[in-house]
Every structure is written in structure tokens, then in C-alpha cells.
Amino acid sequence: MSLQVLVVEDDREIRAMMQACLGVEGYTVQTAVSLSEARALLQHRQPDVVVLDLGLPDGDGLALVQHIRALHALPILIVSARHQEAQKIQALDAGADDYLCKPFAVGELLARMRVALRHRGTALAAAVTSHVLDDLQVDLATRTVVAQGRPLHLTPNEFKLLARLVRSAGRVVTHRQLLSDVWGAEFTEHTHYLRLYMAQLRAKIERDPAEPRHLLTETGVGYRLAAQ
Amino acid sequence: MHPAAAPSPASASTLGPALRSAALGLGLLLLATVCSLALDSQISLTSEAMLYVLAVVLAAYTLEPLPSALCALAAVLAFNFFFVPPRFTFAVDSHEHLIALLTMLVLALVISGLAAQLRRKTESARRSLLRAQQLQELAGELVASTSSDKVVALGQAALDRVFDGPNTLALRRPDGSLDFGLSLGDKLQEGMDCCMREAACLGPGTGRWPGLNAWYLPLGSKEALQGAVCIENVDAADQQGREHALALCSLLGQALQRLQMERAAQASQHEAARQQLQSTFLAAVSHDLRTPLAALLGAASALQTQGDRLGETERSRLLDSIASEAHYLASLTENTLQLVQLTSASHAAQPLQRSWESMEEIVGAVLHRVRLRDSRHRISLRVPKDLPLIEADPVLLAQLLSNLLDNAMQYSPGAIELQVQTREQQMQVSVKDRGEAIAPALQAQIFQPYARGDQSGTRGAGLGLALCRAIASAHGGSLHLRARQGGGNCFTLCLPLSPQQPLAGELP
């Protein structure tokens, strides 16, 4: 049985394009043009992944993120125009899995969906405990990090930061999520911690810290551990 | 109405002058009596009479009409008592002396009347002169004044100098009501409002509302009323005072009207410039949109109508063109939107979303995106270790760097250097290319929206550099262009470093 995708998008062209592209990739696609239609479809049948536009005719997609998170553990991918940056962060903090900027390339959309589906139902599936990509190997259970063939020594906070990114490998994690998970809820405004710790981590892990391969910056939003 | 040059305190003004004029009159009479008594043996009765007449003339010239008449009467009585036989009585023994005394009395009264009239005329001439001077001075000051507040202050001072008042001056607000600085009495506000409505003078002597004890005068002409003036505690008979008040108000009204017209002219000039800018902007944006749209439509329609007959390479070339034109349109849209946001008036109220950022990260993220189009790997990066953090909007800075790199990739065929360094409390980010150097004459122009270096109609980031500069200045920094030695251009972004860094040592 093929995977079900719910596309919530009010623009007809983009909706049709997504339907066509995702269909070619073997997904079964349902579409909704508004929050209310999406809610009705969700009640009827639960999809495997939701692709959601934020600016919808009858409200903000953020409301749907909260609605879905309250009921289901299915992955949500935000697709939105750049000027909604603050909304995007809000949606991610509210539980969306990833985001994509309009205009986007289809290849990027498919890659993000694959990552989101791999993490499907994070709450139910066994927690991610290891990450391997190119010259980086991280094993959370044994707390070992190997980069470029050499085992690394990380400070406790560096390790916590890396571990948080490993658990969401391939997906963007917002500044707020990282700060609150690593340092605590009262540190969510201390973005300079992240800047300094990421610089230290990159210095240890990356071959060229200025052009990172693994620890990617999502400018203005958060960080992403490369998964491919 | 009080004389312009006699600002005496109200309480002393009733008693003081009365005492002074009595003393002066008595003194003059005493002097005449003493002189006449002293010279009694040498001069005749006629000469003594003349001495008294002299005293009366002097008294009449210096005293008010009533005291001077009293003085004349007293002089006749004193002359009668001291000198007319029988002396030291008020009795008169001959008809001749009686007639002489009566003549002297009439003469003294006539002289006193004439002198008082002369004095009034002199006084009035002096006052007119002072008022004319005041009007002249005020006119001079008003010409130099550049704001309504200044005009109001000058007008208030001029009124207070001439009229004991209290005097009130209120300007008309744009909605037509009067702007009373602090709340005034209802009667006063009502009077001034009415004076504005009727655009006419009200109060004693004006023929309208004579029962009031204040003059209400409009400022400015009927067509363009600027405000109103109220002068309280006035006298209906003071014709000259009223005329002077009118003259002052007319001067003030003219000055206010001139300022209003200047403001209107300035506003319309401003509006015209704004519309001009807007239409240039729109024309340029639509021009810049049309070019890629034409390419998109061309490629897409070619695929649509001739797709089957085109070769594989030709089809993929058209598809590439569609993708790159669309990419160009996307960045153009983003730049236009961002520039409008950054330079609009509302931006001042909505400051940048600043946070502590690492330039190394921003540069890395931008390069990550730009490298997708940098297939020949032309961009080389030089970033020193341990750069200080900057307080900035990372999305805007990333856009700035993307624009600079895109430009460099488009206009120069060779290697491109991206370099970050810190120098003298500044962070400098340079993008250097080996393309054709931009002529010095064009260097300032290319930062204007829709000026383009080459002028040849090739496409460019029409407002990319204008946006870059706007982003730099929004961060309190600057963006400069200089020609490189050995050919090429170097764009340098300078950002101020905050003296206080969030301390690494503090990290938990």
C-alpha cells in the first residue's frame, strides 16, 4: 500500500504541481485548500505525512499544526513563502517537523519528505541512537563521536547539543528548541550560547568549519544536521 | 487704553499722580507768590499778575485738565488775597481790579485749556510714532520667522507691550477649530470662535457686540483665517488703540498665511517628488520583470509547441533557461520586497530583528546556497578563526552577501574571493572579483535603485546593490566599492562591532 500524503495549499498551480510530482513518486495524494477542509479530511482518514502551506484563506497553518499535534504523531512539513519567517519558527516550535521555502525545487521537497517519513511517529518508533554520514559517526548509547577517523572528546554540553541534532537528523531544529532542550527553558533567548557552542563543535567535527558539511545553519531559524 | 510709555502699577496709579500734581501746582503758585512778595516794592500789580499767569501756563502744560483748571482758580484767589487791594483779604475794592481779576481767571482757564490740548496732541503724536515703530519692528521680525509658534510668540509679546490685557492669541487648527493652549474661560472661547465664524471684529466701538469689555479680532483674511486674538479690558472710545490692534493682527495674519502657503508648497513638492520616485521605481521594476518573463514565456512556449521536434540537448537547454529565469525572478521579487520594507517610513517604527550572530555561520550558509550555482567552484573563502559575534539580522545579512556573490558571478568570469576580517572595532566582509572594473563615475550611481553599471540593457540586479546598501545602513554600517589593483571590483561591507561581547567564559 502506498503512502498517503495530505497537501494543504490554496494556490491551484502549486497544488496541481505537487499532486503530479508526488503521484509520480508513488504517493497517494489528497489535497485541501483550506484549514476547514484539511480538518474534515483528517477526521475521515489519517495520512502518513502532511505538507502544509502557512497562509491559508481561512487562517494560519499554525492552527492546523497545533490541531494535528494534539491528536496524531504524523510528520508535518511546512512549505511557505520567505516573509513568514516568524510564523515558520512558531510552527516548528509548535511541532512541525521541517520547512521548505517557496519557491522550492521538487527534488528538495521529495528529500525533505523522505527525512520526515523516516522519523515518522518519533513518539512511537524506537528513538534514534546513532548517526553516520561520510566521516562522522555518532553513537548516543555509548556516547562516542568519531570524526575523520579520530575519536573526539566533547564537553557535556557539546555532546548534548550534538545528540539533540542527531535525534532530529536531516530536520531543522529551531534555536528555541535547542536552547530549551540543552540548557533549559529559561535560556531560550540566549542565542549567543548556540553561536559559540556550534563554533566549537564545528571546529572539532568539520574539516572546514567555515563551510560545514554536517552542522548546517538555517539562517534565522535554527540548525540542521545533514542526513545525506 | 494706556499710554505706551507709562506702564505704572495699577494700585499706585490713582493716588500717586494726584498727589504729585497737587504738589506741583501748589509749588508753582507758592513760587509765584514768593517771587511777587519779594519783588513787591519794585514791580507793579500788572507784573505780579503776569508771574501768576506764568505759573498757570507751566501748570497747565504739565498737569491734567482738571488740576490745571483748579490751579488757575487758586492762582486768581492767591493773587486776589496777597496783592489786590485791600491786601490779605478776598475783598476787592474797585471795579477795575474786579474786572482785571475776572479777565485773569478767564485767561488762565483759556491758557490751561489750550496747553492741555497741545499736550494731548503731543502725547498722541508720540504714541502714534511708537506704534508705527512697533509695527515696523514686528513686520521685520515676522519676515524672519519660520514657524507658526514663533509668530504666535512675537504676536503675543507685541500685544502685551501695548495692551494691558490680558491678551489671548489662538491659532486655527486644520479642522477649523481654535487651538487654545490651556483651557480658557467659556465666554472668551465663545467670543473667539464667533469672531472666527464671522471673520469680523467684535467688541466695544466695532459696531458688533458693543456690550463686551474686550475686542475680538480675526487673524488673516476672510478666505484664509489663521486664528483669533482677544484683548480684554478695553475702552470703546480708544479708536486709535483699536486701529493699532487691527494693524498688528493684520501683520500677524499675513505672516501666518505666508507660512501656511510655504508649508503647502513644500508638501506638494514633496508629494510630487515621492510620486516621481514611485513611478520611476515601478517603471524600472516592471522593466526588470518583463525581461525574465519574456525568456520564460519564450522557452516554455517553444517546449509546448515544438517539444516533439526539438533535440534532447535543445530541450534541456530550454528547461535550464526556465529554471534560471525563474530563480532570477524569485530573487528580484525578494530584493524588491525587502528594499521597500527597509526604506519605507513604517520601517523606522519596526526595527531590525537583531540577535547575536556569527558571521562565519552566515557566510557558510550563504555559500552553501550559492555553491549550487557555482559549478566551477570559483568562490574561495577566507575567514579567520575566533571572529567576534555581531548583533544583526542574519536573514538580511545573508541576503546582502547572496546579492554581492550573485553579482560577482554574473559580471566576472574569473575567481571570486570572499573575505572576512576584523579591523578597528569593525567587521569587514569583502567580495572581490576580477571582472571589468566599474568606472569611477558610475561607482556612486550603482547603489541607487535601478541604476545599472553597464547601461547596455543586459540584465542585472536592478536594485540588488541599493538593497545591499540599505541593509548595511540599517545595521549602522556601510557598503563601499573600490576598483582592485590589477583589475576587478571589491565590495566591502563594514559593520560596527559592539564593544561588549557576550562572554564565552560565562557559558554554562
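In this text, all values refer to a predicted model and were calculated from it rather than measured experimentally. Sequence lines set the chain letters: A, B, ... in the order given, protein chains first and strands last, and positions in each chain run from 1.
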*So which of Leu216(A), Thr219(A), Val221(A) has the biggest tally of heavy-atom pairs under 4.5 Å with chain B?*
Thr219(A)
*side chain to side chain contact (heavy atoms under 4.5 Å, CB included) between Val51(A) and Met18(A): does it pass, once the steps are laid out?*
CA-CA 10 Å; Val51(A) 177; Met18(A) 283 198 198; 4.0 Å; yes
*asked:* I'd like to know which of Met198(A), Glu218(A), Glu211(A) tops the heavy-atom pair count under 4.5 Å against chain B.
replied: Glu211(A)
*Of all of Val383(B), Leu367(B), Asp386(B), Thr333(B), which one pairs up most often with chain A through heavy atoms under 4.5 Å apart?*
Leu367(B)
*For the candidates His327(B), His368(B), Glu357(B), which exhibits the highest count of non-hydrogen atom pairs separated by less than 4.5 Å from chain A?*
Glu357(B)
*Say you draw a straight line from CD1 of Ile379(B) to CG of Leu405(B); how long is it, rounded to the nearest 0.5 Å?*
5.0 Å
*Lys/Arg N to Asp/Glu carboxylate O, Glu360(B) vs Arg202(A), below 4.0 Å*: no
*Does Tyr197(A) have its ring centroid less than 6.0 Å away from the ring centroid of Trp183(A)?*
yes
*Between chain A and each of Arg382(B), Lys385(B), Arg371(B), count heavy-atom pairs under 4.5 Å; write down the option with the most.*
Arg371(B)
_chain B contact via Pro156(A) - side chain, backbone, both or neither, heavy atoms under 4.5 Å_ = neither
*Salt-bridged, Arg224(A) to Asp98(A), with N to O below 4.0 Å?*
yes
